[in-house]
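Structure first, then comments.
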There are 2 protein chains.
Amino acid sequence: MLLQFFKALAHESRLRLLGLIAAREHSVQELAALVALKEPTVSHHLAMLREAGLVSLRQDGNTHWYGLEHKTLSRLSRSLLARDQLEALAGTKPPRSSDDRMLQNYLTEDGRLKAFPATLKKRRPILRWLARHFEEGRTYSEAEVNETIERRHHDRETFRRELIAHKMLARKDGSYWRLPESGWVG
Amino acid sequence: MLLQFFKALAHESRLRLLGLIAAREHSVQELAALVALKEPTVSHHLAMLREAGLVSLRQDGNTHWYGLEHKTLSRLSRSLLARDQLEALAGTKPPRSSDDRMLQNYLTEDGRLKAFPATLKKRRPILRWLARHFEEGRTYSEAEVNETIERRHHDRETFRRELIAHKMLARKDGSYWRLPESGWVG
DNA sequence: TGTCTAATTAGATAGTTGTCGAATTAATGG
DNA sequence: CCATTAATTCGACAACTATCTAATTAGACA
């Protein structure tokens with residue numbers, strides 16, 4: 001979603017169009033004249049802005065009036081300020097394996113866990129996903145481990161315990177580190 | 001430079017990189033491994049993010065640590081909320097004055113300075129251009145001034161001095177701020 | 001000095017996106 | 001229905017961007 005938003009605004013013509021629309025509603029013809037592009041081109045840009053939820057369409061007769069969607073703009077710009085939100089972007093990889101597709105059902109838009117299923121079969125890919133958020137070859141304090149987990153789910157105790165039980169994380173003298181995937185249980 | 005900001009974020013790889021960097025500082029190698037791209041590619045993306053002021057570079061030995069620039073992010077996302085700002089986008093026209101055309105010869109495609117001419121007559125429009133990259137109504141630390149200059153030219157000392165000599169920038173107690181254009185010398 | 005490592009820059013290529021003219025759809029009114 | 005007007009969709013081409021490998025730069029160290 002966020003990517004679509006940025007793509008929509010990452011072109012001078014579209015920024016200009018949005019600027020005009022922000023001032024008041026405009027028809028396609030008007031916009032084409034104002035930005036010196038042909039109507040099909042403008043139509044194409046407007047479709048992208050609309051797809052991103054930035055403008056809305058009101059039809060009267062056969063002229064189309066495009067107006068600004070304030071809500072989208074304020075919602076998205078606000079979400080940029082939330083640090084967690086931003087970090088969640090890192091996990092935006094296209095899902096491939098069936099595990100990944102399964103996982104998708106348990107993740108929110110912003111890369112947090114919605115729930116933790118009861119069956120072991122479903123829990124394993126989730127733990128793998130979580131374990132991969134730890135870097136290999138460094139140690140973590142317990143506080144850091146908790147922090148890393150809590151960025152994805154509030155129940156740090158359960159997940160810390162499970163990660164260790166599945167040999168994804170190891171602990172010694174209060175220090176933690178990630179174990180190689182080859183040895184993971186599950 | 002709102003367009004630059006959006007362009008920088010309008011690509012999945014760069015969003016991912018920014019997400020990783022938001023969590024903590026990373027080196028180019030780390031990032032390349034994490035997003036599964038080659039180092040030159042990552043380097044290229046980082047340059048764009050840096051150009052947009054979204055990340056900063058801290059060099060230690062010969063590894064480069066990239067970190068998040070919270071300020072830029074919050075400043076720009078806030079400016080999206082300001083309606084006026086948005087409407088102003090409509091007026092983004094290509095430059096045409098004779099100064100602007102002169103300036104064009106000294107700028108690279110990506111908006112950096114190729115050279116700094118010897119004659120005062122030619123130097124003035126360049127300094128004006130540079131000074132406009134500072135915001136009015138806020139103060140900058142010396143580090144921030146350097147960073148802003150270096151985004152356009154490596155010789156921060158010369159330009160900092162010249163900006164002050166032409167009364168475009170003022171300094172007091174180690175803080176800098178932009179002066180109104182009406183008072184600029186040249 | 002020479003070597004090693006990390007990063008950047010250059011150059012090539014493949015993929016994506018912006019723009020246009022032509023053809024098509026949709027609404028309105030004789 | 002047919003003509004008119006506004007908008008969208010289609011197909012082609014040009015411009016731009018992402019990515020790679022190879023070459024270069026810069027720091028550390030011995």
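Values reported hereafter were calculated over all heavy atoms of this structure, with side chains retained and with hydrogens, waters and symmetry mates removed. Proteins come first, then strands; the chains are lettered A, B, ... in the order of their sequence lines, and each starts at number 1.
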What nucleotide among [options] has an atom nearest to a side-chain atom of [X]?
{"X": "H11(A)", "options": "dT19(C), dT5(D), dT19(D)", "result": "dT19(C)"}
{"X": "H45(A)", "options": "dT9(C), dA7(D), dG18(C)", "result": "dG18(C)"}
{"X": "N62(B)", "options": "dG27(D), dA7(C), dA18(D)", "result": "dG27(D)"}
{"X": "K7(A)", "options": "dT19(D), dT17(C), dT19(C)", "result": "dT17(C)"}
{"X": "Y66(A)", "options": "dT8(C), dT8(D), dT19(D)", "result": "dT8(D)"}

Is H44(A) touching bases, backbone alone, or none of the nucleic acid, heavy atoms closer than 4.0 Å?
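The answer is base, as H44(A) lies within the cut-off (heavy atoms under 4.0 Å) of a base atom.
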For T63(A), which contact category applies under a 4.0 Å heavy-atom criterion: base, sugar-phosphate, or nothing?
sugar-phosphate
Rounded to whole angstrom units, what separation is found between the [atom1] atom of [X] and the [atom2] atom of [N]?
{"X": "Q59(A)", "N": "dT28(C)", "atom1": "CD", "atom2": "C1'", "value": "12 Å"}
{"X": "E12(A)", "N": "dT17(C)", "atom1": "CD", "atom2": "P", "value": "19 Å"}
{"X": "K38(B)", "N": "dT19(D)", "atom1": "NZ", "atom2": "P", "value": "13 Å"}
{"X": "M48(A)", "N": "dT8(D)", "atom1": "CE", "atom2": "P", "value": "15 Å"}
{"X": "E51(B)", "N": "dT9(C)", "atom1": "CD", "atom2": "P", "value": "11 Å"}
{"X": "E39(A)", "N": "dT9(D)", "atom1": "CD", "atom2": "P", "value": "14 Å"}
{"X": "H64(B)", "N": "dA26(D)", "atom1": "NE2", "atom2": "P", "value": "10 Å"}
{"X": "L3(A)", "N": "dA18(D)", "atom1": "CG", "atom2": "P", "value": "11 Å"}

Of G61(A) and P40(A), the one whose closest DNA chain C nucleotide lies more 5':
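Of the two residues, P40(A) wins.
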Looking just at side-chain N and O atoms, do S182(B) and W184(B) make a donor-acceptor pair shorter than 3.5 Å?
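No, W184(B) and S182(B) have no side-chain donor paired with an acceptor closer than 3.5 Å.
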With respect to the phosphate group of [N], does any side-chain polar atom (N or O) of [X] fall under 4.0 Å of OP1 or OP2?
{"X": "S43(A)", "N": "dT8(D)", "value": "yes"}
{"X": "T41(A)", "N": "dC20(C)", "value": "yes"}
{"X": "S13(B)", "N": "dT19(D)", "value": "yes"}

Between R160(B) and E142(B) (salt bridge meaning N to carboxylate O under 4.0 Å), is one present in this structure?
yes
Is a salt bridge present between E12(A) and R16(A), judged by a nitrogen-to-oxygen distance below 4.0 Å?
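Here E12(A) pairs with R16(A) in a salt bridge, since their nearest N and O are under 4.0 Å apart.
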By nearest heavy atom, map E30(A) and L37(B) onto DNA chain D; which one lands nearer the 5' end?
E30(A)
Taking M48(B) as the starting point, is it possible to reach L2(A) by hopping between hydrophobic residues whose side chains are less than 4.5 Å apart?
no
Over 60° means perpendicular and under 30° means parallel, so tell me whether F6(B) and F6(A) are parallel, tilted or perpendicular.
tilted
